[in-house]
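Numbers for residues simply follow the sequence, beginning at 1.
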Amino acid sequence: TAENVQEAKTFLSNLKASGGTEMLAGLQRLFDSAHDPNRLRMVMFLTDGKVGNENQILEQVRNNVRDSRFFCFGVGRSVNHYLVENIGKHGRGASSVVLTGRLDSDNAQQEAVNEFYGFIDAPVLTRPCS
């Protein structure tokens, strides 16, 4: 609704970023949370910066992926490509990196969003192959 859109815009305009990127704690919370085993859980990562503990993060994804699919989308000049690409790979999903310079063109922002939605819109496989 128009009210929801306005509420989201107000919320986002009041956000203040501080500190660094903390993915490991978020992953642990995700894996500790309840999940309906009859549904495919889709996990989306959006990151704009470098993350130093990528091996710990990737180990968490590899060890706990089970019935989830991870989609990682990196935006910016300092994106950790190794991390973004391997979250998609080990999370049995997909990944993409968009450089900041590309976002300066007229249609690049919309193209980046469309690419991301293309990843998550219709998963092809919902169960691992035996």
Asker: Could you tell me the separation between the CG atom of L15 and the OG1 atom of T10, rounded to the nearest 0.5 Å?
Answerer: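 One gets 11.0 Å once the value is rounded to the nearest 0.5 Å.
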Asker: Please round to the nearest 0.5 Å and tell me the distance separating atom CE of M23 and atom CD of Q56.
Answerer: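 It comes to 13.0 Å.
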Asker: Using the side-chain hydrogen bond (donor to acceptor under 3.5 Å, both in side chains) criterion, which residues pair with T1? Sequence neighbours excluded.
Answerer: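 E3, N4.
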Asker: Would you please name every residue forming a side-chain hydrogen bond (donor to acceptor under 3.5 Å, both in side chains) with H81, sequence neighbours left out?
Answerer: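 H81 satisfies side-chain hydrogen bond (donor to acceptor under 3.5 Å, both in side chains) with no other residue.
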Asker: Which donor-acceptor pairs under 3.5 Å do side chains of residues 37-46 form with protein atoms, sequence neighbours excluded?
Answerer:
residue	atom	partner	partner atom	Å
R41	NE	S68	OG	3.1
R41	NH1	L30	O	3.3

Asker: I would like to know whether I87 and F71 meet side-chain contact (heavy atoms from CB on, under 4.5 Å); could you show each step before the answer?
Answerer: CA-CA 7 Å; I87 285 176; F71 299 89; over 6 Å; no
Asker: Taking only residues two or more places apart in sequence or in another chain, which ones pass side-chain hydrogen bond (donor to acceptor under 3.5 Å, both in side chains) with E85?
Answerer: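 Counting only residues at least two positions away or on another chain, E85 forms no side-chain hydrogen bond (donor to acceptor under 3.5 Å, both in side chains).
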Asker: Which pair of heavy atoms, one from V84 and one from S95, lies closest together, and at what distance?
Answerer: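 Taking V84 first and S95 second, the nearest heavy atoms are O-CB, 3.1 Å.
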Asker: Under a plain distance cut-off of 3.5 Å, with no hydrogens placed, do E59 and N55 share a side-chain donor-acceptor pair?
Answerer: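 Checked: N55/E59 side chains show no N/O donor-acceptor pair below 3.5 Å.
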Asker: Could you give the distance from CG (L24) to CZ (R29), rounded to the nearest 0.5 Å?
Answerer: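 Going from the CG atom of L24 to the CZ atom of R29 covers 13.5 Å.
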Asker: Using the side-chain contact (heavy atoms from CB on, under 4.5 Å) criterion, which residues pair with N64? Sequence neighbours excluded.
Answerer: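 F31, Q60, R66.
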Asker: Going by the rule side-chain hydrogen bond (donor to acceptor under 3.5 Å, both in side chains), which residues pair with D36 if we only count those two or more places apart in sequence or in a different chain?
Answerer: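 With neighbours one apart ignored, the set is empty.
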Asker: Evaluate the side-chain proximity of N80 to T47: yes if any heavy-atom separation is below 4.5 Å, no if none is.
Answerer: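 T47 vs N80: side chains apart.
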Asker: Rounded to the nearest 0.5 Å, what separates atom SG in C72 from atom CG in L83?
Answerer: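 Separation between the atoms: 6.0 Å.
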Asker: Do H90 and F70 come close enough that some side-chain heavy atom pair is under 4.5 Å?
Answerer: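 Not in contact.
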